[in-house]
Protein chains: 2
Amino acid sequence: MKEEALLQEHIAKHHLKVTKERSAILRAFIEAERHVTAEELYRMMREKHASIGLATIYRTLNLFCECGLAEQRQFGDGHARYELTYNVNHHDHLVCTQCKKIIEFENMDIEKLQEKVAKAHRFTIYSHKLELYGLCSDCAKSNSSLRKGKDELHAVRSSRSE
Amino acid sequence: MKEEALLQEHIAKHHLKVTKERSAILRAFIEAERHVTAEELYRMMREKHASIGLATIYRTLNLFCECGLAEQRQFGDGHARYELTYNVNHHDHLVCTQCKKIIEFENMDIEKLQEKVAKAHRFTIYSHKLELYGLCSDCAKSNSSLRKGKDELHAVRSSRSE
DNA sequence: ATGACTGCAAACCTTTTGCATAGCG
DNA sequence: CGCTATGCAAAAGGTTTGCAGTCAT
């Protein structure tokens, strides 16, 4: 599992330590739905690792971000979401503001245009965030029957390059 | 001043009230640098309107957002920033992660591609956020002399459509 | 052994809210 | 007048931190 290797490299380089908590959290993080909240991960782990505290989840997720395993995202609901980024193609997000569904997409043309914009401003891009907010087809349809968007957050993987 | 008209229309429609605080905050908000923090606006107003409380600033900025005068943005530093959006073309942001400079840009080609992506996913877009993070030309140059990015946030208006 | 990691609870910090008062319509 | 807005202070809510004990190296 390459993710563990990356983490261990970072740990060795910074005189940190491999602990069972960190290993367990990494495993859970990899298994987890994309765009997990610290709280969600915490609850996920309550069954098999009831002793792990929420503070440790936060500390460990920050560690993952530092070593490039994860990225923190802010979709505007006040909960930071963490996303595995190692060995994953960059992608952007369609966010349904009603049912909270998150659809991922890739579009190389947009990325190229971003580079063009950056170059025009003599800017060196290290990362970017593109989020499109609106209604998914389901919610657009059932818009009149306005159900409260209390569904869980799903992530639908999908590629598209046109 | 059209902004005031829009605000008054919203106020009338919702049985709200025009107060001197709201008028003063609107004026300050229009004069303010783009991407103001509630706190920044609060401090800006301390001189001429010392009695206005921070809570009112927040409540009023939220009011501005509701009537379409402003938009809230989250650039990832934990402070919500508010941006006047009325009578302003939509634009996106280049954010220098070192000196915190924010450069605005417009790019219709990217917007068109976004629409295309949305259509492919049967998604109805209401808004979007595109932020490119990296180093501006100044910081890329003086990268070795790593000065702490404590500068104020500047906004440089700029258009570009290629 | 040394120094990092953990759980717990307290602290933090930005934003929101409750309440009594002030003020618009 | 009735009902909204305000200021203040307290609450909220997510995230971080201090501390004493635990554990990896």
Side-chain angles (χ1 to χ4, degrees), chain A residues 4 7-26 28-29 35-43 45-46 48-67 70-82 100 153, chain B residues 4 7-29 35-46 48-67 70-83 153:
Chain A
E4 278 179 18
L7 178 59
Q8 282 174 24
E9 186 187 316
H10 178 87
I11 282 180
K13 200 174 296 179
H14 293 78
H15 313 290
L16 308 179
K17 289 174 182 172
V18 176
T19 65
K20 49 185 176 329
E21 287 87 354
R22 286 179 176 169
S23 304
I25 294 172
L26 177 56
F29 181 54
H35 318 108
V36 229
T37 287
E39 184 79 33
E40 285 169 3
L41 202 52
Y42 175 61
R43 280 200 295 264
M45 302 192 67
R46 289 310 297 253
K48 301 197 85 87
H49 302 272
S51 65
I52 295 184
L54 183 54
T56 300
I57 306 275
Y58 275 108
R59 284 187 278 231
T60 306
L61 285 171
N62 287 338
L63 178 66
F64 292 172
C65 289
E66 280 158 28
C67 68
E71 248 175 52
Q72 198 199 52
R73 301 226 161 225
Q74 204 72 50
F75 287 117
D77 64 346
H79 295 57
R81 294 182 183 281
Y82 297 82
K100 311 298 183 198
L153 274 109
Chain B
E4 278 179 17
L7 179 59
Q8 282 174 24
E9 187 188 316
H10 178 86
I11 282 180
K13 200 176 295 178
H14 292 78
H15 313 292
L16 307 181
K17 289 174 182 174
V18 177
T19 64
K20 51 185 176 326
E21 288 87 354
R22 284 179 177 169
S23 304
I25 295 173
L26 177 56
R27 255 177 282 124
F29 181 54
H35 319 107
V36 229
T37 288
E39 184 78 34
E40 286 169 2
L41 203 52
Y42 176 60
R43 280 199 296 263
M44 274 179 60
M45 304 192 65
R46 287 312 296 256
K48 303 198 84 87
H49 303 272
S51 65
I52 295 184
L54 183 54
T56 300
I57 305 276
Y58 275 108
R59 284 188 277 231
T60 305
L61 285 171
N62 286 339
L63 177 67
F64 292 171
C65 290
E66 280 158 27
C67 66
E71 247 176 54
Q72 198 199 53
R73 301 228 160 224
Q74 205 74 48
F75 287 118
D77 63 346
H79 295 58
R81 294 182 183 283
Y82 297 83
E83 191 171 346
L153 274 109

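Chain letters run A, B, ... following the sequence lines, proteins first, then strands; residues in each count from 1.
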*Asks:* Sequence neighbours left out, what passes ring-ring contact (aromatic ring centres under 6.0 Å, His included) with A:H49? Give chain and number order.
*Replies:*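 Residues passing ring-ring contact (aromatic ring centres under 6.0 Å, His included) with A:H49: none at all.
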
*Asks:* Which residues pass the salt bridge (charged side-chain N to carboxylate O under 4.0 Å, His left out) test with A:E66, not counting sequence neighbours?
*Replies:*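 For A:E66, no residue satisfies salt bridge (charged side-chain N to carboxylate O under 4.0 Å, His left out) once neighbours in sequence are set aside.
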
*Asks:* Nearest 0.5 Å, what's the CZ-CG distance between B:R43 and B:L54?
*Replies:*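 Taking CZ in B:R43 and CG in B:L54, the distance rounds to 9.5 Å.
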
*Asks:* Looking at A:Q72 and A:C65, what are the two nearest heavy atoms and their distance?
*Replies:*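 Of all heavy-atom pairs spanning A:Q72 and A:C65, the closest is N-SG, 4.0 Å.
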
*Asks:* My understanding is that only residues two or more places apart in sequence, or in another chain, count here; which of them pass salt bridge (charged side-chain N to carboxylate O under 4.0 Å, His left out) with B:E83?
*Replies:*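 If we apply the salt bridge (charged side-chain N to carboxylate O under 4.0 Å, His left out) test to B:E83, skipping adjacent residues, the hits are B:R34, B:R73.
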
*Asks:* Tabulate protein N/O versus nucleotide N/O from nucleotides 4-8 of chain C, keeping only pairs under 3.5 Å, one per line.
*Replies:*
from  : atom 1 : to    : atom 2 : distance (Å)
C:dA4 : O4'    : A:K17 : NZ     : 3.3
C:dC5 : OP1    : A:K17 : N      : 3.1
C:dC5 : OP1    : A:R22 : NH1    : 2.4
C:dC5 : OP1    : A:R22 : NH2    : 3.0
C:dT6 : OP1    : A:T19 : OG1    : 3.1
C:dG7 : OP1    : A:S51 : O      : 2.8
C:dG7 : OP1    : A:I52 : N      : 3.2
C:dG7 : OP1    : A:G53 : N      : 3.2
C:dG7 : OP2    : A:G53 : N      : 3.1
C:dG7 : OP2    : A:T56 : OG1    : 2.0
C:dG7 : O5'    : A:S51 : O      : 3.3
C:dG7 : N7     : A:R59 : NH2    : 2.9
C:dG7 : O6     : A:R59 : NH2    : 3.4

*Asks:* What integer distance in Å separates A:H79:NE2 from D:dT16:P?
*Replies:*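 In whole Å, D:dT16 P and A:H79 NE2 are 14 Å from each other.
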
*Asks:* Please round to the nearest 0.5 Å and tell me the distance separating atom CD of A:Q74 and atom CZ of B:F75.
*Replies:*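 Rounded to the nearest 0.5 Å, the CD-CZ separation comes to 13.0 Å.
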
*Asks:* Can you tell me the distance, in whole Å, between the CD atom of B:E66 and the P atom of D:dA5?
*Replies:*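 It is 10 Å, rounded to the nearest whole Å.
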
*Asks:* Please name all residues satisfying ring-ring contact (aromatic ring centres under 6.0 Å, His included) with A:Y42, sequence neighbours left out, ordered by chain then number.
*Replies:*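 A:Y42 satisfies ring-ring contact (aromatic ring centres under 6.0 Å, His included) with no residue once adjacent residues are dropped.
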
*Asks:* So, do A:L41 and A:Y82 sit near enough that their side-chain heavy atoms are less than 4.5 Å apart?
*Replies:*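 No, their side chains stay 4.5 Å or more apart.
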
*Asks:* Could you state the CE-P distance from B:M45 to D:dT6, rounded to the nearest angstrom?
*Replies:*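 Rounding to the nearest Å, CE of B:M45 and P of D:dT6 are 11 Å apart.
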
*Asks:* Under 4.0 Å, heavy atoms only, any strand: does A:A80 hit a base, just the sugar-phosphate, or nothing?
*Replies:*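 Counting heavy atoms under 4.0 Å across all strands, the contact made by A:A80 is with sugar-phosphate only.
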
*Asks:* When the distance from CZ of A:R81 to C1' of D:dT15 is rounded to whole Å, what number comes out?
*Replies:*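 After rounding, the gap between these two atoms is 15 Å.
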
*Asks:* To the nearest Å, give me how far apart CG (A:L61) and P (D:dT15) are.
*Replies:*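 Roughly 10 Å, once rounded to whole Å.
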
*Asks:* Measure from OH on B:Y58 to C1' on D:dA9 and round the result to the nearest Å.
*Replies:*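 My rounded result for the distance is 16 Å.
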
*Asks:* Have a look at B:F29 and tell me which of B:T60, B:L61, B:I57 forms a side chain to side chain contact (heavy atoms under 4.5 Å, CB included) with it.
*Replies:*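 Exactly one candidate clears the test, B:L61.
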
*Asks:* Could you check how far CG of A:L7 sits from C1' of D:dA24, rounded to whole Å?
*Replies:*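 Going from CG in A:L7 over to C1' in D:dA24 covers 14 Å.
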
*Asks:* Atom CD of B:Q74 and atom P of C:dT15: how far apart are they, to the nearest Å?
*Replies:*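 So the two atoms are 7 Å apart, to the nearest Å.
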
*Asks:* What is the bend of the helix from C:dA1-D:dT25 to C:dG25-D:dC1 when you compare the axis at one end with the axis at the other, using five pairs each and rounding to 10°?
*Replies:*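 Roughly 30° between the end axes, to the nearest 10°.
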
